[in-house]
Amino acid sequence: MADLEDRLWECAQRAEHQVNAALFGGRAPTRQECGQEVEVDGCGEVVTRAMLLGQRKHMLALQCAREVLEHLWPAPFSIEQRYRFYPHARLLETVSREEEARLVAQGCTRELWRTIKPDIVLHGDSNLLMSVLTLDFKFPCPDTNAPRWTRYGEKSAYAGSNQGWVYKEALRGDAFMVSPRLGMVP
């Protein structure tokens with residue numbers, strides 16, 4: 001497990017370094033650069049540079065993580081699997097990639113309202129609705145910020161909770177963040 005933790009931390013560090021090298025000459029972006037509004041998404045929400053950097057770094061880290069897990073994790077694992085979770089009923093179900101893509105393409109994202117999508121879920125056996133460990137890569141911007149679980153807002157199905165708590169409740173395993181600066185943290 002220690003080797004797995006170290007290798008996933010290396011994935012986060014490598015992704016951070018590659019993106020920063022390509023876009024900032026190897027230095028980390030400043031607080032001002034992180035906060036710059038660079039576009040508006042299809043729902044009219046502002047997208048900051050920090051968000052775009054996080055997306056690029058996630059893509060690289062998850063590619064690396066897949067290679068690591070294929071060599072070091074003997075049981076099944078899921079990468080970016082979306083789940084529909086009903087906390088009061090204690091009901092969890094998977095959402096297929098096809099269904100997710102169809103809903104997004106139709107602009108029907110309200111159907112994804114009651115869903116979660118952890119970066120990595122390590123399963124102990126063939127039960128893909130339970131985790132041994134759930135992991136989310138976090139790339140704070142600027143890098144001096146501490147990694148933190150996203151808090152769900154008032155309009156969310158999980159209002160008042162954060163990602164880590166919801167992941168634990170839904171998948172019944174521990175949940176940790178993986179950041180380039182701190183490694184694996186609860």
Side-chain angles (χ1 to χ4, degrees), residues 1-24 26 28-29 41 47 49-85 92-105 109 112 115-141 143 146-150 162-186:
M1 193 64 178
D3 192 30
L4 178 64
E5 182 177 339
D6 288 344
R7 297 281 305 278
L8 292 175
W9 185 13
E10 288 172 14
C11 289
Q13 291 172 322
R14 188 176 313 134
E16 177 94 349
H17 175 74
Q18 286 177 333
V19 172
N20 288 349
L23 299 175
F24 300 99
D41 70 12
V47 176
R49 182 176 311 281
M51 297 162 107
L52 290 179
L53 291 171
Q55 289 171 357
R56 288 183 181 174
K57 292 172 184 180
H58 265 86
M59 183 182 71
L60 292 172
L62 290 172
Q63 287 172 351
C64 175
R66 180 179 299 281
E67 294 170 13
V68 167
L69 293 169
E70 286 173 351
H71 289 97
L72 294 178
W73 190 254
F77 62 87
S78 301
I79 294 183
E80 291 192 307
Q81 171 62 57
R82 187 173 293 275
Y83 299 90
R84 193 169 281 116
F85 177 50
L92 180 70
E93 60 188 14
T94 59
V95 176
S96 72
R97 295 192 193 285
E98 295 77 21
E99 179 185 358
E100 178 182 12
R102 180 181 53 78
L103 292 170
V104 169
T109 55
L112 298 175
T115 65
I116 57 175
K117 190 174 180 178
D119 289 337
I120 300 169
V121 179
L122 303 179
H123 307 285
D125 56 28
S126 60
N127 182 354
L128 301 184
L129 296 176
M130 290 189 74
S131 75
V132 171
L133 189 62
T134 302
L135 303 168
D136 238 34
F137 284 105
K138 299 293 182 185
F139 295 96
C141 194
D143 63 355
R148 61 184 170 86
W149 292 111
T150 300
N162 69 41
Q163 280 177 311
W165 183 86
V166 173
Y167 291 170
K168 286 180 197 178
E169 286 294 302
L171 293 156
R172 301 183 193 147
D174 288 330
F176 286 86
M177 297 176 283
V178 182
S179 79
R181 190 166 54 97
L182 300 178
M184 201 174 289
V185 294

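The two residues Ile79 and Arg97 make their nearest non-hydrogen contact at O-NH2, 2.6 Å. Scanning all heavy atoms of the two residues, the minimum distance from Ala175 to Gly164 falls at CB-O, 3.8 Å. Here the closest non-hydrogen pair linking Ala28 and Asn20 is CA-ND2, 3.8 Å. Looking at every heavy atom in both residues, Val95 comes nearest to Glu100 through CG1-N, 4.1 Å. Scanning all heavy atoms of the two residues, the minimum distance from Ala61 to Phe139 falls at CB-CZ, 3.9 Å. Listed here is the closest heavy atom pair of Ala170 and Leu92: O-CD2, 3.3 Å.
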Item to complete: Starting from the C-alpha separation in whole Å, work towards a yes-or-no answer on side chain to side chain contact (heavy atoms under 4.5 Å, CB included) for Val185 and Phe176.
Response: CA-CA 5 Å; Val185 294; Phe176 286 86; 5.6 Å; no

Worksheet entry | side chain to side chain contact (heavy atoms under 4.5 Å, CB included) between Asp3 and Leu72, worked out | CA-CA 8 Å; Asp3 192 30; Leu72 294 178; 3.7 Å; yes

Practice prompt. Test side chain to side chain contact (heavy atoms under 4.5 Å, CB included) on Trp73 and Ile120 and set out the steps.
Written response: CA-CA 12 Å; Trp73 190 254; Ile120 300 169; over 6 Å; no

Practice prompt. Show the numbers, then the answer: is there a side chain to side chain contact (heavy atoms under 4.5 Å, CB included) between Val68 and Glu10?
Written response: CA-CA 10 Å; Val68 167; Glu10 288 172 14; over 6 Å; no

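Around CZ of Arg84, the count of heavy atoms belonging to other residues, nucleotides or ligands within 6.0 Å exceeds 12. By the neighbour-count criterion of 12 heavy atoms within 6.0 Å, atom CZ of Arg102 is densely surrounded, having more than that number from other residues, nucleotides or ligands.
Going from atom OG of Ser179 over to atom CG of Asp143 covers 10.0 Å, rounded to the nearest 0.5 Å. The structure places OH of Tyr83 at 10.5 Å from OH of Tyr167, a figure rounded to the nearest 0.5 Å. One distance of note links CG of Leu8 with CZ of Phe137; it measures 5.5 Å at 0.5 Å rounding. Distance CG/Leu103 to CD/Glu98: 11.5 Å, rounded to 0.5 Å. Between the CE atom of Met51 and the CD atom of Gln55 there is a distance of 7.5 Å, given to the nearest 0.5 Å. To the nearest 0.5 Å, atoms CG (Leu4) and CE (Met184) are separated by 6.0 Å.
Lys138 and Gln163 form a side-chain donor-acceptor contact under 3.5 Å, judged by distance and modelled atom types alone. Thr115 and Arg82 share a donor-acceptor pair across their side chains, judged by distance under 3.5 Å alone.
At least one side-chain heavy atom of Cys64 sits less than 4.5 Å from a side-chain heavy atom of Arg14. Proximity of Val121 to Leu171: side-chain heavy atoms (C-beta onward) are separated by under 4.5 Å at one or more points. In this structure the side chain of Arg56 reaches within 4.5 angstrom of the side chain of Leu23, judged on heavy atoms. A heavy-atom distance below 4.5 Å is found between the side chains of Asp119 and Leu62. The side-chain heavy atoms of Trp149 and Asp136, taken from C-beta on, include a pair separated by under 4.5 Å. Residues Leu69 and Leu122 have side chains in contact (heavy-atom distance under 4.5 Å, counting atoms from C-beta outward).
The aromatic ring centres of Phe77 and His123 sit 6.0 Å or more apart.
Not a single donor-acceptor pair under 3.5 Å links the side chain of His17 to the backbone N or O of Gln13. Checking side-chain atoms of Trp165 against main-chain N and O of Lys168 turns up no donor-acceptor pair under 3.5 Å. For the pair Ser78 (side chain) and Gln81 (backbone), a donor-acceptor distance under 3.5 Å is absent.
The residue from Thr134, Asn127, Leu135 that alone fulfils the side-chain contact (heavy atoms from CB on, under 4.5 Å) condition with Ser131 is Thr134.
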